[in-house]
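Indexing begins at 1, ligand by ligand and atom by atom, following the structure's order.
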Amino acid sequence: MTNRIGILGGTFDPIHIGHLVMASYAIDALDLDSVWFMPAQSPPHKTQEITATEHRVEMCRRAVALDSRFVFSDLDLGKSGPSYTAELLERIHRLLPEAELVFLLGADSLKGLPNWRQPEKIIALAQIGCAERPGTTVDEQVRSTVPGLAERLLEFDSPLIELSSTEIRTRRANSLSITYLVPESVEDYIVENGLYRPGS
Ligand code: ATP
């Protein structure tokens with residue numbers, strides 16, 4: 001049977017329940033065997049300072065350990081320069097040529113796909129799994145911007161949680177609680193290491 005792998009790339013600074021819920025719904029809706037969580041060394045579109053890789057990796061590992069369908073992968077780490085999705089997918093494809101890859105993202109991120117490096121290569125290497133709030137669909141303009149995207153796009157319903165890593169960093173910086181927004185083991189790690197506090 002073909003192995004269907006969902007790929008969720010991100011900064012994961014920190015990983016939060018929005019990522020985890022989306023990945024879990026993707027597995028059920030898109031008939032995936034697993035979702036690989038792949039923290040990026042240095043995402044091309046992020047301008048803010050990013051927390052040290054070792055911390056982002058450990059938080060990701062702790063969150064992923066909670067679900068046997070989730071896999072942590074360091075394939076997008078350890079190299080210099082920006083992490084481009086097309087190159088990452090190529091590396092995964094070389095490693096697992098038989099696997100069907102589904103690159104997962106939120107509807108907001110999909111809007112940016114036309115501006116990513118080599119979008120045609122991305123959709124040649126992977127289907128695109130796009131999380132949508134129930135009852136909504138991807139707007140026609142995005143669908144038609146990248147040639148071939150419509151045929152490779154898999155939309156799925158997910159209770160999109162209005163939560164971002166930025167919100168968690170901001171709450172910590174303002175001494176507000178992040179309980180329930182990240183798994184308990186991730187919150188413990190954040191507190192133990194004094195992450196996201198002013199001056200940390
Ligand atoms: P930041 O606030 O630092 O920009 P983020 O919360 O958007 O971070 P990323 O690590 O950049 O997190 O996101 C990785 C992937 O997860 C992206 O494809 C993004 O669309 C998706 N994602 C982020 N937050 C959510 C959420 N609340 N629900 C569903 N998907 C999400």
Side-chain angles (χ1 to χ4, degrees), residues 5-30 32 35-53 55-64 67 70-77 82-86 88-89 92 101-117 119 122-123 126-134 136 138-139 142 149 153-174 176 178 180-183 186-187 190 195-196:
I5 301 174
I7 308 291
L8 185 56
T11 320
F12 301 123
D13 190 14
I15 191 163
H16 56 68
I17 57 161
H19 300 128
L20 300 167
V21 169
M22 192 262 244
S24 174
Y25 270 67
I27 287 176
D28 292 334
L30 307 180
L32 305 176
V35 168
W36 288 18
F37 288 74
M38 310 189 81
Q41 186 81 39
S42 147
H45 60 290
K46 298 241 163 149
T47 48
Q48 87 264 14
E49 204 167 303
I50 296 170
T51 302
T53 305
H55 290 315
R56 293 186 292 120
V57 162
E58 180 55 26
M59 291 187 285
C60 223
R61 281 191 191 281
R62 287 181 176 216
V64 163
D67 192 322
F70 292 167
V71 175
F72 172 84
S73 166
D74 62 3
L75 212 59
D76 205 18
L77 293 171
S83 311
Y84 290 109
T85 299
L88 173 64
L89 292 173
I92 303 170
L101 307 182
V102 182
F103 187 75
L104 302 175
L105 34 66
D108 281 8
S109 302
L110 183 72
K111 286 196 190 109
L113 182 67
N115 306 319
W116 293 11
R117 181 180 275 206
I122 294 174
I123 59 169
Q127 292 177 302
I128 306 295
C130 180
E132 280 288 336
R133 212 180 293 278
T136 58
V138 168
D139 75 53
V142 180
L149 175 60
L153 187 61
L154 305 170
E155 293 169 66
F156 66 96
D157 286 347
S158 176
L160 292 190
I161 296 170
E162 288 295 330
L163 179 60
S164 62
S165 303
T166 304
E167 168 76 6
I168 289 163
R169 294 193 301 271
T170 307
R171 288 185 68 80
R172 280 283 293 167
N174 291 299
L176 300 172
I178 57 165
Y180 313 122
L181 304 181
V182 297
V186 173
E187 182 179 359
I190 290 173
L195 301 183
Y196 311 121

>> I'd like to check L88 versus S83 (side-chain heavy atoms, cut-off strictly below 4.5 Å). Are they in contact?
In response: no

> Would you call L163 a ligand 1 contact, heavy-atom distance under 4.0 Å?
Replying inline: yes

> Going by heavy atoms in the side chains, are T166 and R169 under 4.5 Å from each other?
Replying inline: yes

> Residues in salt bridge (Lys or Arg N to Asp or Glu O under 4.0 Å) with R172, at least two apart?
Replying inline: none

> Would you say S165's side chain and P14's backbone share a donor-acceptor pair under 3.5 angstrom?
Replying inline: yes

> With respect to atom 16 (O) of ligand 1, which of R56, H19, R169, M38 exhibits the smallest heavy-atom separation?
Replying inline: H19

>> Does only the side chain of S109 get under 4.0 Å from ligand 1, or the backbone, or both, or neither? Count heavy atoms.
In response: side chain

>> Is it the case that the ring center of H19 lies less than 6.0 angstrom away from the ring center of F37?
In response: no

>> The criterion is ring-ring contact (aromatic ring centres under 6.0 Å, His included); which residues satisfy it with Y25, sequence neighbours excluded?
In response: none

> Which atoms from ligand 1 have a heavy atom of F12 less than 4.0 Å away?
Replying inline: 10 (O)

> Under 4.0 Å from ligand 1, counting heavy atoms only, is it the side chain of H16, its backbone, both or neither?
Replying inline: side chain

> At the 4.0 Å heavy-atom cut-off, does E167 count as touching ligand 1?
Replying inline: no

> Does G9 come within less than 4.0 Å of ligand 1, judged by its heavy atoms?
Replying inline: yes

>> Suppose I only count heavy atoms of S165 and a 4.0 Å limit; which atoms of ligand 1 are within that range?
In response: 1 (P), 2 (O), 3 (O), 5 (P), 6 (O), 8 (O), 12 (O)

> Do any N/O atoms on L8 end up under 3.5 angstrom from N/O atoms on ligand 1?
Replying inline: no

> Going from CZ on R171 to CD1 on I178, what distance comes out if it is rounded to the nearest 0.5 angstrom?
Replying inline: 9.0 Å

>> Using a 4.0 Å cutoff against the non-hydrogen atoms of S164, which atoms of ligand 1 qualify?
In response: 2 (O), 6 (O)

> Just how far is it from atom CG of L110 to atom CD of E155, taken to the nearest 0.5 Å?
Replying inline: 8.0 Å

> Can you list the steps and then say if Q127 with L30 is a side chain to side chain contact (heavy atoms under 4.5 Å, CB included)?
Replying inline: CA-CA 10 Å; Q127 292 177 302; L30 307 180; over 6 Å; no

>> Using a 4.0 Å cutoff against the non-hydrogen atoms of G10, which atoms of ligand 1 qualify?
In response: 10 (O), 14 (C)

> Based purely on interatomic distance, does I161 place a nitrogen or oxygen under 3.5 Å from a nitrogen or oxygen of ligand 1?
Replying inline: yes

> Quick one: which of T85, L113, L8 gives a side-chain contact (heavy atoms from CB on, under 4.5 Å) with F103?
Replying inline: T85

> In terms of atom number and element, which parts of ligand 1 are under 4.0 angstrom from non-hydrogen atoms of L105?
Replying inline: 18 (O)

> Would you say ligand 1 has an N or O under 3.5 Å from any N or O of D13?
Replying inline: no

> Against heavy atoms of G106, which atoms of ligand 1 measure under 4.0 Å?
Replying inline: 18 (O), 20 (O)

